[in-house]
Each structure stands twice: as structure tokens, then as C-alpha cells.
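For ligands, and for the atoms within them, numbers begin at 1 and follow the listed sequence. Nothing here was measured: the structure is a model prediction, and the numbers come from that model.
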Amino acid sequence: MIQVDYIVVGIGLAGISFCEELKANNKSFMVFDNASQLSSTVAGGLYNPVVLKRFTPVWKCQEQLAQALPMYERLERELNVKLDYKLPVYRKFASLEEQNDWFTASDKPILSQYLSTEIVKNTNPSVDAPFGFGEVLETGRIDVKTLVEAYKSQLQENNQLIDSVFNYEELMIEEGGVRYQDIKAKQIVFAEGFGIKHNPFFNHLPLNPAKGELLIIHAPQLKIDYVLKAGAFLIPLGEDRYIVGATYEWKDLTNQPSETAKEELSEKLKKIINCPFTVVNQVAGVRPTVKDRRPLVGRHSEYSNIYVLNGLGTRGVMIGPYVASQLYNFIENNIPLETEIDIKRFQ
Ligand SMILES: Cc1cc2nc3c(=O)[nH]c(=O)nc-3n(C[C@H](O)[C@H](O)[C@H](O)COP(=O)(O)OP(=O)(O)OC[C@H]3O[C@@H](n4cnc5c(N)ncnc54)[C@H](O)[C@@H]3O)c2cc1C
């Protein structure tokens with residue numbers, strides 16, 4: 001029998017963020033993952049504190065960035081991989097009116113530190129932007145695929161990863177903890193993303209899952225070294241390759257890339273750039289988005305050793321570390337969860 005403090009189910013951005021809390025606090029743990037959900041591995045990985053449709057701050061953006069960026073920096077050192085690519089985000093203006101809205105927003109509390117007040121003029125012949133761009137500060141891209149792969153390898157080396165499906169019906173609830181096959185743990189944390197739909201303890205929670213797809217394109221004439229937001233996102237990867245995304249689809253909830261999404265993104269791209277490009281790859285995953293757009297964090301209503309960390313939605317890079325820390329402090333230090341993220345709001 002193996003005895004640990006925690007079992008963690010799922011090693012996407014939620015599971016990784018929680019395991020980092022466990023490591024920092026010297027807790028022992030075992031992780032299960034069967035690579036059935038791809039949301040983290042396909043994610044564009046952007047972190048950006050501003051909602052670019054409305055020029056409003058992202059919920060708790062300062063707190064989220066303060067928690068998230070040091071975690072990725074630490075993981076770069078520990079895993080010996082490059083994860084954090086600091087890149088400005090340029091929001092294309094569609095009109096003079098939008099420029100004015102940007103200036104009004106840049107005067108507001110919180111936003112003033114993130115919205116540059118200088119309009120960036122377009123000098124790139126492959127991009128059509130007569131009204132220029134607004135630059136968002138303190139933004140970048142986390143290479144989430146590399147993170148997940150490197151994190152899993154490290155867990156494997158430490159014999160902490162079980163590369164298989166977690167079968168919920170085999171979970172036994174015992175005095176002072178849980179047992180699963182030959183593992184005894186004091187607590188179990190479920191972080192399965194959209195996989196939560198199979199979890200009998202938490203599948204009543206109101207997820208509103210959204211499939212997302214991205215294209216990877218090769219565009220040798222494009223030559224942009226910033227993230228461009230103009231209808232779609234364009235994220236430079238180096239060597240003339242760019243991520244183009246993303247789509248939102250609520251009916252087809254498979255991980256299969258679709259022809260419809262490819263067409264939709266290609267059409268959007270043709271409105272943003274006027275140079276040739278070729279699609280070299282296409283990926284898809286299902287985002288664990290929630291009806292009220294807040295994460296799903298908390299303790300099972302009946303079983304006090306069973307927890308959930310889910311609902312990271314469209315911004316897992318920033319929000320994951322923030323909510324993982326809240327969950328850890330709730331379990332170990334009895335610090336109440338923020339009511340906005342606590343699953344009690346659905347009881
Ligand atoms: C196309 C696309 C683009 C995105 N772009 C961005 C972006 O630019 N920036 C950003 O911040 N966010 C982005 N997101 C959102 C982000 O990816 C999510 O917020 C985040 O990945 C959710 O992480 P998670 O750990 O909750 O879920 P997941 O990544 O889905 O991880 C859950 C894990 O649990 C495992 N699992 C599930 N059930 C079981 C089981 N029974 N047994 C064992 N293992 C199990 C799965 O295999 C998976 O590895 C994007 C998402 C998509 C789809």
C-alpha cells in the first residue's frame with residue numbers, strides 16, 4: 001500500500017498549479033492522467049490582463065499575474081525548459097472611436113498600468129491597420145504544451161504519475177481519507193477539465209464547455225514580433241510560424257479538428273493579413289468554461305476529503321495558479337474560499 005497526502009486527478013494547468021502548491025508545502029502526492037482532454041496542451045497560452053473586446057480589466061488580473069508569473073519562472077528553472085515568452089499584445093483599432101475608447105479606458109484604475117497611451121502606427125505592408133494599434137503591457141505566451149510534457153516527465157521520473165484513467169467507482173471513502181486501488185490518501189483533488197462530465201461527485205456543476213480550435217500557419221512575409229488581436233489572435237512562434245485562433249463551438253465537443261473551423265479561421269486571417277500563408281497544423285480541445293464564468297473550486301458537500309479544481313475556462317494560464325493557491329489554503333489552513341469561486345454557490 002502506498003500512503004500519500006494527496007491524489008490529484010488530471011495534469012493540465014489546474015493539476016500542475018495544484019501540484020506546485022503541494023511541492024512548495026512538502027506534501028506527498030500521486031497523479032493520474034490519461035491524456036483524454038487536450039485543453040491545456042493545445043492552448044494558445046496567452047496571458048493578458050485586459051478584455052480586448054470591451055477594454056475592461058480581467059477579473060482579479062493583478063492577483064492572478066502576481067501568482068502565475070513566478071510559478072512559470074520557477075518551473076522554467078526546475079524543468080530546464082523555456083516557457084514564458086514575453087510579447088506585447090497589439091489590439092488593432094477599427095475606427096477613431098475605438099481609439100478614443102482606448103484612451104478613456106487607459107485613465108481608469110487598474111487599466112492604466114496595462115494600456116499604453118501611445119498609439120502604435122502600422123508600418124507592416126502585410127497588415128492592414130489604418131487606425132493603428134493599442135499596446136497592452138505585461139502580456140506574453142506560456143508554452144503550455146512544453147510545460148505539460150516536461151511536468152509529466154518529471155512526475156514520471158519521481159514515480160508520481162500513473163498514466164491511466166481514474167475509475168471513479170473504485171474510489172473508496174474511508175475514515176480520515178480515501179483509498180484507490182493500492183493508494184491511500186488523506187485528500188483527493190479532481191482537476192479533469194471537461195473530463196469532469198464523467199465524475200459522479202461533481203458532474204452536477206454547471207459547465208458550459210466550449211470547443212476551441214487553432215491553426216498553426218507558415219507566413220514568411222508576415223514578419224510580426226507581437227501578438228496581434230484583430231478579430232482573431234495571431235501569436236508569433238518564431239521561424240515564420242504563427243498560431244491563429246481561436247474558435248468557439250458548443251455543440252461538437254470532441255477533440256477532432258474540423259474543416260469548418262479551418263475555413264472560419266482562414267477567412268478571418270485573410271481579413272487581417274494580405275500576404276500568403278500555408279496551414280501547417282490544426283489542433284482542438286474543449287475548454288472547461290462555466291455558466292457564470294468563474295472557476296469551480298471547493299469541497300464535496302458530503303465527503304470532506306474530496307475536492308474539485310476546475311472551470312478555468314478561457315484563461316487557464318493566469319487563473320490556474322491563483323485558484324490552486326486558494327484551494328490549498330482552504331484545505332490545509334482553513335482559509336475560506338472566495339465566494340465567487342466556491343462551488344457552494346451552486347448548492
Ligand atoms: C483552442 C484553445 C485555446 C486556448 N487558448 C488559451 C490561451 O491563449 N490562454 C489561456 O490562458 N487559456 C487558453 N485556453 C484555455 C485553457 O486551455 C484552459 O483554461 C485550461 O487548459 C484548462 O486546464 P485544466 O487543467 O482545467 O483542464 P485540461 O487541460 O483539460 O486538463 C485536464 C486533465 O485531466 C485529465 N483527465 C480527465 N479525466 C480523467 C480521468 N478520469 N482519469 C485520468 N485523467 C483524466 C485529462 O487527460 C487532462 O490531462 C485555450 C483553450 C483552447 C481549447
Side-chain angles (χ1 to χ4, degrees), residues 7-19 30-49 58 61 64-65 68 72 85 87 89 139-145 147-149 151-152 161-171 180 188-203 207 209-216 227 229 232-235 243-249 253-255 257 261 265 282-290 293 295-297 308-324:
I7 293 173
V8 177
V9 181
I11 200 75
L13 283 166
I16 289 174
S17 303
F18 193 76
C19 290
M30 290 297 291
V31 174
F32 285 79
D33 197 286
N34 66 342
S36 55
Q37 293 300 324
L38 304 178
S39 187
S40 296
T41 36
V42 304
L46 270 190
Y47 57 90
N48 158 31
V58 165
C61 55
Q64 287 184 28
L65 283 175
Y72 297 116
Y85 294 82
L87 289 166
V89 171
T139 53
R141 174 177 77 89
I142 298 297
D143 182 347
V144 186
K145 185 166 189 275
L147 168 64
V148 172
E149 285 169 0
Y151 207 87
K152 281 169 98 169
L161 179 65
I162 298 176
D163 207 346
S164 91
V165 65
F166 184 91
N167 289 315
Y168 304 96
E169 59 278 13
E170 287 184 55
L171 184 69
Y180 183 81
I188 183 163
V189 172
F190 287 108
E192 318 106 310
F194 179 47
I196 195 177
K197 69 177 178 200
H198 299 299
N199 182 331
F201 301 101
F202 294 112
N203 63 6
L207 221 61
K211 178 177 180 177
E213 299 194 44
L214 299 170
L215 302 180
I216 312 295
V227 175
K229 166 68 173 153
F233 271 106
L234 238 97
I235 310 171
I243 295 173
V244 183
T247 57
Y248 285 82
E249 157 64 44
L253 296 176
T254 65
N255 290 328
L265 291 171
Q282 182 177 356
V283 289
V286 182
R287 305 173 185 90
T289 26
V290 184
R293 293 159 176 251
L296 298 170
V297 186
V308 66
L309 185 62
N310 209 309
L312 303 193
T314 59
R315 296 179 194 270
V317 166
M318 276 174 64
I319 214 168
Y322 178 68
V323 289

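Protein heavy atom nearest atom 49 (O) of ligand 1, with residue, atom name and distance: D33 OD2, 2.7 Å.
Proximity annotation for atom 3 (C) of ligand 1: of G44, S40, G212, G44 comes nearest, heavy atoms only. Nearest residue to atom 40 (C) of ligand 1 from F190, F233, F166 is F166 (criterion: closest heavy atom). Compare G12, G10, P288 by their heavy atoms: the one nearest to atom 22 (C) of ligand 1 is in P288. The heavy atom nearest to atom 12 (N) of ligand 1, out of those in V8, V317, V323, T314, is found in T314.
At a 3.5 angstrom cut-off on N or O pairs, G313 counts as close to ligand 1. Backbone and side-chain nitrogen or oxygen atoms of L46 are examined, and one is located within less than 3.5 angstrom of a nitrogen or oxygen of ligand 1. Considering both main-chain and side-chain atoms, M318 never comes within under 3.5 Å of ligand 1 through any nitrogen or oxygen pair.
Residue contact annotation: G245 has no non-hydrogen atom under 4.0 Å from ligand 1.
If you look at S39 next to ligand 1, the close heavy atoms, those under 4.0 Å, come from the backbone and the side chain alike. Residue contacts with ligand 1, taken as heavy atom pairs separated by less than 4.0 Å, involve Y168 solely via side-chain atoms from C-beta onward. For A191, every heavy-atom contact with ligand 1 shorter than 4.0 Å involves the backbone, none the side chain.
Between the side chains of K211 and T247, no donor-acceptor pair is found at a separation under 3.5 Å.
Within ligand 1, counting atoms from 1 as listed, the ones closer than 4.0 Å to a heavy atom of G193 are 26 (O), 27 (O), 30 (O), 32 (C).
Aromatic ring centres of F166 and F190 lie closer together than 6.0 Å.
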